[in-house]
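Order of listing sets the numbers, starting from 1, for every ligand and every atom in it. Residues: numbered from 1 along the sequence shown.
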Amino acid sequence: MYTQGLDLLDAEARREEGALRNESAARAESAAASCTPQSTLEERFLARVDGEEKIEPKDWMPDAYRQTLIRQISQHAHSEIVGMLPEGNWITRAPSLQRKAILIAKVQDEGGHGMYLYSAAETLGVSRDELIEQLLAGRAKYSSIFNYPTPTWADVGAIGWLVDGAAIMNQIPLCRCSYGPYARAMVRICREESFHQRQGFEIMLTLARGTPEQKAMAQAALDRWWWPSLMMFGPPDTDSPHSAQSMRWKIKRLSNDELRQKFVDFTVPQAKFLGLEIPDRELEWDAENGHYRFGAIDWREFHEVLRGNGPCNRERLAARRRAHEDGRWIREAALAYAEKQRRRATADAA
Ligand code: BYC
């Protein structure tokens with residue numbers, strides 16, 4: 001079982017370092033930036049990135065860096081929120097009270113991750129309302145993985161084991177992202193994802209060691225989730241338009257293919273431990289390079305899902321729109337309450 005522990009110690013040390021940049025220094029820098037040539041600003045920015053300094057919200061940054069972060073962080077936030085749906089679907093049908101309590105906690109964690117990530121995106125000058133409106137209008141991307149159905153309880157296990165497993169693999173390097181608020185949000189998210197991955201693996205282990213029918217259920221879920229999990233890491237490096245620039249800016253630390261390979265290398269032994277078979281006839285250990293070779297991914301399927309034609313795209317968006325509409329009264333009540341508090345505070349001060 002892998003863990004993010006060591007990477008996090010490193011990330012936290014750097015976070016302390018970032019926090020030492022005091023506010024007034026940042027303000028002075030931003031005032032100076034208004035009369036400094038663009039090329040100098042860019043050179044300084046890259047030097048800071050190269051020196052592993054965190055870029056903070058009030059620091060000067062190239063507009064394309066800001067836009068890339070808004071794109072990635074908002075897609076990530078949307079994925080967490082839409083990601084609550086496939087598992088949320090099983091809360092009422094979890095096979096025991098304990099499983100139900102664990103699943104509620106997990107789904108709630110995903111909602112929390114969405115909130116930290118929307119907050120991180122807001123530090124870049126975009127509003128949460130705007131981002132949510134883009135999601136509900138079908139104009140924003142979220143992870144392809146959440147457009148697949150969860151027909152059995154074993155799918156909840158497979159999501160925890162594979163989907164959260166892939167998420168941790170992709171997100172541990174994001175704890176070292178050059179943008180401070182995103183990197184810091186990722187520290188807590190990775191800790192929680194790590195727990196999620198273990199709960200998924202434990203569900204799979206229980207099923208794999210259960211009756212032949214339960215083991216078959218676990219195998220069928222693995223068959224359903226294996227290839228979509230590999231697609232989560234994004235297109236191959238040769239077809240990834242954003243990777244090179246994002247890696248130069250140290251937003252991404254490892255490429256899509258590198259992370260996918262790491263995931264396969266970690267997960268195959270876990271499948272063996274479960275006594276389950278990865279649905280890939282070409283999967284083979286390559287002793288020479290120390291990695292598993294795996295079969296070709298169906299990228300047509302990936303692009304179809306991204307175009308909105310996956311098995312559950314429409315259902316997921318419809319559920320989000322319904323939830324947003326159902327929650328309107330509470331948003332209005334919260335705003336009215338805040339306004340009442342503000343008026344009271346003004347009256348008390350007068
Ligand atoms: N699904 O140049 P590329 C979770 C898009 S949440 C949909 O490689 P980039 C969890 C990509 O956005 C999981 N779209 O892009 C939650 C880009 O489109 P645009 C989400 C995808 O950004 C609840 C285009 O393809 N994790 O784990 O350099 C329960 C070209 O791609 C996908 C994150 O969001 C995909 N799978 O790299 C359990 C992590 N892949 O914007 C678990 C943060 C690619 O040009 N994000 N696209 O229209 C990242 O690390 C990166 O954004 C990605 C893509 C690796 C996903």
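Here His196 has no heavy atoms under 4.0 Å from ligand 1, in either its backbone or its side chain. Counting heavy atoms closer than 4.0 Å to ligand 1, residue Leu259 contributes nothing at all. For Ile159, no heavy-atom contact with ligand 1 is shorter than 4.0 Å. Neither the backbone nor the side chain of Ile145 comes within 4.0 Å of ligand 1, counting heavy atoms alone.
Counting protein heavy atoms only, atom 9 (P) of ligand 1 is closest to Lys252 NZ, 3.4 Å. Nearest to atom 50 (O) of ligand 1 among the protein's heavy atoms is Asn170 ND2, 2.9 Å. Among protein heavy atoms, the minimum distance from atom 18 (O) of ligand 1 is reached at Lys141 NZ, 3.3 Å. Distance from atom 25 (O) of ligand 1 to its nearest protein heavy atom, with residue and atom name: Leu306 CD2, 4.0 Å. Nearest to atom 49 (C) of ligand 1 among the protein's heavy atoms is Gln72 NE2, 3.5 Å. Counting protein heavy atoms only, atom 56 (C) of ligand 1 is closest to Met232 O, 4.3 Å.
Counting protein heavy atoms under 4.0 angstrom from atom 38 (C) of ligand 1 gives one or more. For atom 20 (C) of ligand 1, the nearest protein heavy atom is under 4.0 Å away.
No hydrogens or angles considered: nothing links the side chains of Ser255 and Arg260 as a donor-acceptor pair under 3.5 Å.
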Salt bridge (Lys or Arg N to Asp or Glu O under 4.0 Å) evaluation trace for Arg184 with Glu56: CA-CA 11 Å; Arg184 290 190 285 274; Glu56 298 297 337; 2.7 Å; yes
Where do Arg343 and Glu339 land on the salt bridge (Lys or Arg N to Asp or Glu O under 4.0 Å) test, with the steps shown first? CA-CA 6 Å; Arg343 262 193 263 120; Glu339 176 58 19; 3.4 Å; yes
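For Ile73, the closest heavy-atom approach to ligand 1 does not fall below 4.0 Å.
Taking CZ of Phe233 as the start and CE of Met169 as the end, the distance is 6.5 Å to the nearest 0.5 Å.
For ligand 1, the atoms closer than 4.0 angstrom to any heavy atom of Ser144 are 1 (N), 7 (C), 35 (C), 36 (N). Each of the atoms 38 (C), 42 (C) of ligand 1 lies under 4.0 Å from some heavy atom of Asp164. Heavy-atom proximity to Ser240, at under 4.0 Å, picks out these atoms of ligand 1: 2 (O), 3 (P), 8 (O).
Checked against Thr206 for a side chain to side chain contact (heavy atoms under 4.5 Å, CB included), the options Arg209, Glu202, Met204 give a single hit: Glu202.
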